[in-house]
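Starting from 1, each residue takes its place in the sequence as its number. In this text the structure is predicted, and so the values were computed from the model without any measurement.
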Amino acid sequence: MVRPALTGTRIRARRNLRGMRQAELAREVGVSASYLNLIEHNRRNIGPDLLGALAQALGVSVDALIEDGDSRLVEGARAAAERCNLDPAELERIDEFTGRFPGWAKVLAETQSRVERLERVVEQLNDRMTHDPYMGEALHEIISAVTSVQSTATILNDAQEIEPDWQARFHQNILQDSARLAEGAVALVNYLDAGKSEETGLAAPQEEVEAWLAQHDFHLPELEAETFDPARLVAGQVELSSEASRALALQWVTQFHADSRALPLARLLPALDRVGIAPEILADEFGIPFDQVLRRFALLPRDILVERGLPVPGLVICDNSGTILFRRGIDGFALPRFGGACPLWPLYQALQRPFVRLRMPLATAGRLGRRFVTYACAATRAELGFGMPSVLQATMLILPAENLTEEAERALLAVGASCRTCPQLDCAARREPSILMTAV
């Protein structure tokens, strides 16, 4: 069924342009005038057959009566209304409102979109303040220097008489601590400025590697070659500004090349045409580990996926501690920059059951959560020896899901990015209060 927002308005406008009466058009397409009246006032859905008949009677194409932006306007206005806890009876008239006042609906939709973007910024800043080790150390250094200067100044102010030697020592301490404070503040500002760029100078090696891969849309053509020198590839990348980031990039590039060799494009493309993104089928068909298939999907060329109508996926990898080692973001599913993600993610559930394949539909927490289908699996990365713990690595592939089956809708699990920014306040897995409590 075609959503009614604005479609009925266009039908009425086209009818008026042709000078047709409502009853005349209704008779021509085989419906009652009262039913057509409801359609023209955006109060009824329109089936494809009726829409085609109306377009033919009005001498226009079906596309002229439908606009792709309709659903976005409706969903944006609905999200804004639900955020304000609008009465359900009023909420049912969103389609009518959007059809009659498309300009105001656009304002609401754009405002809602801006609010969601700002919430994501808050989430990213909070995550950075909470988990970024460099920022924590820098702030600790600044606070330490401030405290030292304050203590020395207090002694100088309160003491009645101080011997010249001690006074000189205190002055020297103030000079040194103030210089330390200035250096710490400059370093912190430079770090924050660097964090705004997608080029070089990012704080952590992981961020540099992910930014480098993101600039290449997470696909390096060299990885598809049967043989190549990963060290030479990494050494020539100016975006990798530190030895640590180059070492980490070398590790991932070596892994991704192994994945591409296990499932080369010549074998993968026919399978994609046949079954689409179905990692469980391909893992069995090609006899390769499930987590390897997940990684392979996440680094396929975008054009290969798009031309087949397949979604571009996201990917998250973590170790036993839950620390995120690798991220490829996906729109609508926030990934924290450092650890502390949602414990309900299948990524972490996989760690409890190594080598078990998990497939789970998820919805991002909130009134209008986005739908996703996720695949996850944990595998042994290293054995430390008999009686010693294994080093595990869990991988989760994230795919947007436009249409889920009724069974999948019933099985939907609401998840967030981290507790501090999750609007799902009654979650049994919550570790700490959400900073969005007042905004929900």
Side-chain angles (χ1 to χ4, degrees), residues 1-119 306 309 311 331-332 363-364 366-371 400-406 409:
M1 300 293 284
V2 178
R3 296 191 65 90
L6 300 183
T7 301
T9 303
R10 293 190 189 91
I11 292 172
R12 184 170 65 252
R14 294 285 182 175
R15 177 177 60 78
N16 289 332
L17 283 174
R18 291 178 64 88
M20 295 179 69
R21 299 181 60 184
Q22 196 174 71
E24 181 183 353
L25 178 59
R27 184 169 54 254
E28 188 166 340
V29 298
V31 298
S32 66
S34 59
Y35 186 71
L36 179 59
N37 183 63
L38 292 173
I39 289 175
E40 290 190 349
H41 287 83
N42 306 296
R43 295 179 182 175
R44 287 292 184 274
N45 291 326
I46 312 171
D49 292 340
L50 177 56
L51 185 65
L54 286 166
Q56 183 177 359
L58 293 170
V60 298
S61 67
V62 171
D63 291 340
L65 301 179
I66 302 175
E67 186 178 275
D68 292 339
D70 286 3
S71 59
R72 290 193 294 271
L73 287 180
V74 172
E75 293 305 323
R78 186 182 299 277
E82 291 188 346
R83 179 181 293 274
C84 299
N85 295 318
L86 190 68
D87 183 84
E90 290 291 326
L91 200 59
E92 292 298 322
R93 304 180 65 186
I94 286 291
D95 288 342
E96 179 185 352
F97 169 79
T98 306
R100 295 184 62 189
F101 306 105
W104 281 110
K106 183 177 180 181
V107 170
L108 273 178
E110 290 181 352
T111 302
Q112 173 65 19
S113 177
R114 177 173 174 79
V115 169
E116 291 176 353
R117 287 197 301 270
L118 291 175
E119 285 184 348
V306 171
D331 187 38
T364 51
R367 295 187 181 93
L368 287 176
R370 299 276 294 275
R371 266 60 170 165
E402 297 293 337
N403 298 301
L404 292 175
T405 64
E406 292 185 7
E409 284 285 350

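- No donor-acceptor distance shorter than 3.5 angstrom exists from the side chain of Asn37 to the backbone of Ala33, with no hydrogens or angles considered.
- Atom CG of Asn16 is separated from atom CG of Leu58 by 10.0 Å, given to the nearest 0.5 angstrom.
- The side-chain heavy atoms of Leu36 and Val29, taken from C-beta on, include no pair separated by under 4.5 Å.
- Every pair passing salt bridge (charged side-chain N to carboxylate O under 4.0 Å, His left out) that includes a residue from residues 19-41 is listed here, sequence neighbours excluded: Arg15-Glu40.
- Listed here is the closest heavy atom pair of Arg371 and Ala363: NH1-CB, 4.2 Å.
- Taken to the nearest 0.5 Å, the CG atom of Leu54 stands 6.0 Å off from the CD1 atom of Ile39.
- Partners of Thr405 by side-chain hydrogen bond (donor to acceptor under 3.5 Å, both in side chains), not counting sequence neighbours: none found.
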